[in-house]
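Notes follow once the structure below has been shown.
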2 protein chains.
Amino acid sequence: MMVSSLTLPDALMTLDSNTPAALRPHDHDACIDAALAAAEQTCKEQGLRLTPIRRRVLELVWQSHRPVGAYELLEALSADGRRAMPPTVYRALDFLVNAGLVHRLATLNAFVGCHDPLHPHQGQFLICGDCRRVVEFHSGSVNRSLDRKARNLGFELTEQNVELLGRCSDCRDAH
Amino acid sequence: MMVSSLTLPDALMTLDSNTPAALRPHDHDACIDAALAAAEQTCKEQGLRLTPIRRRVLELVWQSHRPVGAYELLEALSADGRRAMPPTVYRALDFLVNAGLVHRLATLNAFVGCHDPLHPHQGQFLICGDCRRVVEFHSGSVNRSLDRKARNLGFELTEQNVELLGRCSDCRDAH
DNA sequence: CGTGCATTTGATATACTATAACAATAAGAG
DNA sequence: CTCTTATTGTTATAGTATATCAAATGCACG
């Protein structure tokens, strides 16, 4: 499936370079391919098994840069021909989340593909309340501030979940 | 209900001053009273109605510094004698959250009392994975880092949800 | 190439979290 | 007091997630 904006390269020229990849017109098939290739690699390296179901769920999660719910994935799996039940998709998601290939957005009860599965990290996300697209980011200064604050309050950190809701530039421009 | 640690003031001497109030032995009745008083005040100031159900739910949320689930609150309300149904407690919680008196922790599907309802703010929380106690904090440097990052990525922020999972000093000391 | 063990998947049932919709009641304005 | 609005009661259902046990598959080892 070719993204139509690719036929309009002029549109790209008006975007400033800070616009996150997920919000730019792009060849999304390449996104999916890259994500699957990275998944194959990390799984091979860590001795994890990217079975057909898991691979398919990952592919489905990557169909867009929007978070997708477990039951949406379930429907998509059923459309494939498998008559999948909830535990099937939740197990695949558990695997993918633990393998660092997918993130769960707690505020939305939904899942997005991880941008950078090759480097372990924790979740920081911007979510557009209008178009629902999600941008994952990693801020050293946010991490340092959070670590310092936690240490001051006597906490050892094990996980972080930072979800910011707002409006992306596209949606703001569109009023 | 008197907190037994109050009879052991020596214990207080060993705690460093950075220990959050929620983790220190303290007269928790005073906590509840203060929370309810602050709630009365904000509601009066903003023309909101702190009805008996809402007040009772707030009181129940404040029974501890641990997050409490909606259905736990429901049971507690039923124990009071009212035979409450889910919408009752969810409506009360919606009201309290919107009034800034209670925060919802998305990662736990649970609710905690807000420390500082008199000053509007957004949620930043440390959650101890062992004892489940929650410490709310509010870091200017975290906020600045998040704002800057969001702006760089073209986002206008409307809400933030920062939940850090870890282990508090008490639980670490207890191995 | 079996055999045995561990991992994964299938299938059923159920738990947990949250809201829609409409009726009944209570509170506040005039 | 009466009108209007906000709140609560009630029933039903939607949406999210897991427990449990059985069947199938993958894989290491002899």
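Proteins get letters first, then strands, A, B, ... in listed order; numbering begins at 1 in each. All values reported here derive from a predicted model rather than from experimental measurement.
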Among the candidates [options], find the nucleotide nearest to the side-chain atoms of [X].
X: A:Ile53; options: D:dA17, C:dA11, C:dT9; value: C:dT9
X: B:Arg104; options: D:dT16, C:dT17, C:dA11; value: C:dT17
X: B:Arg49; options: D:dT18, D:dT10, D:dA6; value: D:dA6
X: B:Pro87; options: D:dA17, C:dA11, D:dT10; value: D:dT10
X: B:Thr51; options: D:dT8, D:dT11, C:dT8; value: D:dT8
X: B:Arg54; options: C:dA18, D:dT7, C:dA11; value: D:dT7

[X] vs [N]: side-chain N/O to OP1/OP2 distance below 4.0 Å:
X: B:Thr88; N: D:dT8; answer: no
X: B:Tyr90; N: C:dA18; answer: yes
X: B:Asn109; N: D:dT16; answer: no

Go nucleotide by nucleotide along DNA chain C from the 5' end; which of A:Arg83 and A:Phe95 gets its closest nucleotide reached first? A:Phe95

Please report the distance, rounded to the nearest Å, between [atom1] in [X] and [atom2] in [N].
X: A:Leu74; N: D:dT18; atom1: CG; atom2: P; result: 14 Å
X: B:Met85; N: C:dA24; atom1: CE; atom2: C1'; result: 16 Å
X: B:Asp80; N: D:dG9; atom1: CG; atom2: P; result: 12 Å
X: B:Leu73; N: C:dA18; atom1: CG; atom2: C1'; result: 14 Å
X: A:Glu72; N: D:dA17; atom1: CD; atom2: P; result: 12 Å
X: B:Arg82; N: D:dG9; atom1: CZ; atom2: P; result: 7 Å
X: A:Leu77; N: C:dA11; atom1: CG; atom2: C1'; result: 16 Å
X: A:Leu108; N: C:dA18; atom1: CG; atom2: C1'; result: 15 Å

Under 6.0 Å between ring centres, would you say that holds for A:His121 and A:His103? yes

Between A:Gln122, A:His138, A:Gln124, which is the residue that forms a side-chain hydrogen bond (donor to acceptor under 3.5 Å, both in side chains) with A:Asn143? A:Gln124

Spell out yes or no: do the side chain of A:Tyr71 and the base of D:dA17 have one donor N/O and one acceptor N/O closer than 3.5 Å? yes

Indicate, yes or no, whether a donor-acceptor pair under 3.5 Å links the base of D:dG9 to the side chain of B:Arg91. yes

Do A:Arg133 and A:Asp170 meet the salt-bridge criterion of a basic N to acidic O distance under 4.0 Å? yes

CG-NZ distance between A:Leu157 and A:Lys149, expressed to the nearest 0.5 angstrom: 12.5 Å

Name the orientation class of the two ring planes belonging to A:Trp62 and A:His28 (parallel below 30°, tilted from 30 to 60°, perpendicular beyond 60°). tilted

